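For clarity, every value in this text was computed on a predicted model and none was experimentally measured.
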Amino acid sequence: MDWLYILMPIAGVKIFWPGLIILGIGVGIIGGFFGMGGAWMVTPGLNILGFPMAFAIGTDIAHMAGKSLISTMRHGKFGNVDYRLGLIMLVGTVIGFEVGAQMVMWLERIGSVEITVRYLYLALLALITWMVFSDVAKRRKKEREARAAGIELEKTATGLEWHKTFHKIKIPPMVHLKAAGIYCSAWLPIGVSFLTGWLAGILGIGGGLIRMPALIYIIGCPTHVAVGTDLFEVMISGLYGAATYTYKGRTELVAAIIMLIGASIGAQIGTVATKYIKGSGIRIAFGLAVVGCAISIVLKLLAMYFPAQKPFYDAAATFFVLGVVAALSIYIAVRMFQGASAEVAARKAAMKKADQG
């Protein structure tokens with residue numbers, strides 16, 4: 001079975017290459033659908049497949065940059081990208097990213113990068129899981145109350161409305177973001193982008209894991225605009241991150257290219273799927289993906305604490321993270337094809353009715 005493994009020349013490790021393809025295609029679909037690079041699944045996935053954590057971070061960022069560029073172009077055609085918001089957030093993203101990347105180098109020098117990054121991931125995943133499902137529960141409560149009152153709830157309404165509080169902050173300069181339909185202080189998106197940029201640098205993510213929820217709940221973007229704008233920001237931070245991690249010698253370009261080939265295909269499917277699935281559906285699927293990712297990281301941590309059972313936990317972690325990616329990818333692809341088929345059927349029916357009329 002040696003042919004299933006390929007030597008990574010920079011990292012110096014042998015990797016199960018079919019796993020790279022599964023991650024590439026699957027995360028391309030998931031990233032295009034959720035509006036993020038998917039690094040929150042790929043970095044632990046690469047680490048589980050055998051990459052040292054620093055190389056997993058750098059390699060994922062390199063693959064993420066190219067894939068996000070493709071997804072951003074598709075979302076731009078749908079009008080889902082607020083370019084002005086993305087450019088404003090660029091300031092905080094770049095500064096925060098470099099701070100995070102320097103912290104990773106320091107943790108690597110003291111030998112604590114593996115355990116620190118994994119526990120930080122778990123804490124962040126727990127926070128995001130609570131935030132997403134709390135939002136969904138409150139949104140459904142609002143829907144029930146609206147039906148009881150005989151009124152219709154706005155499609156863009158969310159359960160958590162923290163953005164209304166943050167919009168009361170009127171520190172100049174104030175900006176009007178047309179695509180997102182928001183008027184707020186420029187310091188709000190800059191502050192959010194610094195935090196997510198720091199997370200991107202230290203965790204090896206495009207920042208989308210927390211930036212997409214932050215765009216919805218803190219800045220107040222509609223879900224689909226948050227998806228497209230986040231991908232634009234992921235593309236920018238990814239290009240910068242790829243450059244800085246390559247300079248530091250922590251990027252395995254062979255693995256990045258293998259994943260990017262699959263991801264370029266998957267990103268097209270995931271992006272189109274957002275057209276057929278409503279905002280709450282996107283948030284529920286996102287929450288389930290975060291839970292699945294957290295379970296795989298816990299399995300990998302158990303392998304560290306119980307060395308006798310390490311082969312079992314390592315195999316279980318690999319199977320689980322690839323299974324989550326595959327299951328979500330299949331779900332998104334099926335929903336896209338169902339939605340596209342229904343749209344084509346409706347058009348044919350309308351044309352037939354027009355001809356008969």
*When rounded to the nearest 0.5 angstrom, what is the spacing between CZ in Phe166 and CD1 in Ile218?*
5.0 Å
*Can you hop from Tyr119 to Trp130 via hydrophobic side chains spaced under 4.5 Å?*
yes
*Is the backbone of Gly220 close enough, under 3.5 Å, to the side chain of His167 for a donor and an acceptor to pair up by distance?*
no
*Under 3.5 Å, is there a donor-acceptor pair between the side chain of Arg84 and the main chain of His176?*
yes
*Counting only N and O atoms by type, is there a donor-acceptor contact under 3.5 Å from the side chain of Trp187 to the main-chain atoms of Pro172?*
yes
*Test log, rule side chain to side chain contact (heavy atoms under 4.5 Å, CB included), inputs Tyr5 and Ile15*: CA-CA 5 Å; Tyr5 292 82; Ile15 299 297; 5.9 Å; no
*Quick one: pull up CG in Leu46 and OG1 in Thr59 and give me the separation to the nearest 0.5 Å.*
6.5 Å
*Has the side chain of Thr229 got a donor or acceptor atom that lies under 3.5 Å from a matching backbone atom of Ala226?*
no
_side chain to side chain contact (heavy atoms under 4.5 Å, CB included) involving Tyr313 - partner list, sequence neighbours excluded_ = Leu299, Leu302, Ala303, Phe306, Gln309
*Return the set of residues passing side chain to side chain contact (heavy atoms under 4.5 Å, CB included) with Val334 (not counting sequence neighbours), or none when no residue passes.*
Ile330, Gln338
*asked:* Testing the basics here: between Ser193 and Gly92, what is the closest heavy-atom pair and its distance to 0.1 Å?
replied: OG-CA, 3.3 Å
*Given the rule that I, L, V, M, F, W and Y join up when any side-chain heavy atoms are under 4.5 Å apart, are Leu120 and Val99 in one cluster?*
yes
*Looking only at non-hydrogen atoms, find the nearest pair between Val254 and Ile6 and report the distance.*
CG1-CD1, 4.5 Å
*By side chain to side chain contact (heavy atoms under 4.5 Å, CB included) - contacts of Ile10 (at least two apart)*: Phe55, Glu252
_According to salt bridge (charged side-chain N to carboxylate O under 4.0 Å, His left out), who are the partners of Lys14, at least two apart in sequence or on a separate chain?_
none
*Run the side chain to side chain contact (heavy atoms under 4.5 Å, CB included) check on Gln102 and Trp106 step by step: do they pass?*
CA-CA 6 Å; Gln102 291 297 332; Trp106 173 71; over 6 Å; no
*How long is the gap from CD1 on Ile219 to CG on Leu177, to the nearest 0.5 Å?*
8.0 Å
*Which atom names give the shortest non-hydrogen contact between Phe51 and Ala255, and what distance separates them?*
CZ-CB, 3.7 Å
*When hydrophobic residues are tied together by side-chain contacts of less than 4.5 Å, even through go-betweens, does Leu87 share a cluster with Ile182?*
yes
*Report the residues that fulfil side chain to side chain contact (heavy atoms under 4.5 Å, CB included) with Met174, sequence neighbours left out, ordered by chain and then residue number.*
Lys170, Tyr183, Ser185
*Looking at residues at least two apart in the chain, or sitting in another chain, which of them share a ring-ring contact (aromatic ring centres under 6.0 Å, His included) with Tyr83?*
Phe232
*How far apart are the closest heavy atoms of Ala186 and Ile88, and which atoms are they?*
O-CG2, 4.1 Å
*Given Leu85 and Cys221, is the side chain to side chain contact (heavy atoms under 4.5 Å, CB included) satisfied, shown in steps?*
CA-CA 10 Å; Leu85 173 59; Cys221 287; 3.7 Å; yes
*So if you build clusters from Ile, Leu, Val, Met, Phe, Trp, Tyr with side-chain heavy-atom gaps below 4.5 Å, do Val192 and Phe194 land together?*
no
_Evaluate Val81 against Val225 for side chain to side chain contact (heavy atoms under 4.5 Å, CB included), listing each step before the verdict._
CA-CA 6 Å; Val81 182; Val225 175; over 6 Å; no
*Does the side chain of Ile190 reach to within under 4.5 Å of the side chain of Met89, using non-hydrogen atoms?*
no
*Mind checking the CD1-OG1 spacing from Ile110 to Thr116? Nearest 0.5 Å is all I need.*
6.5 Å
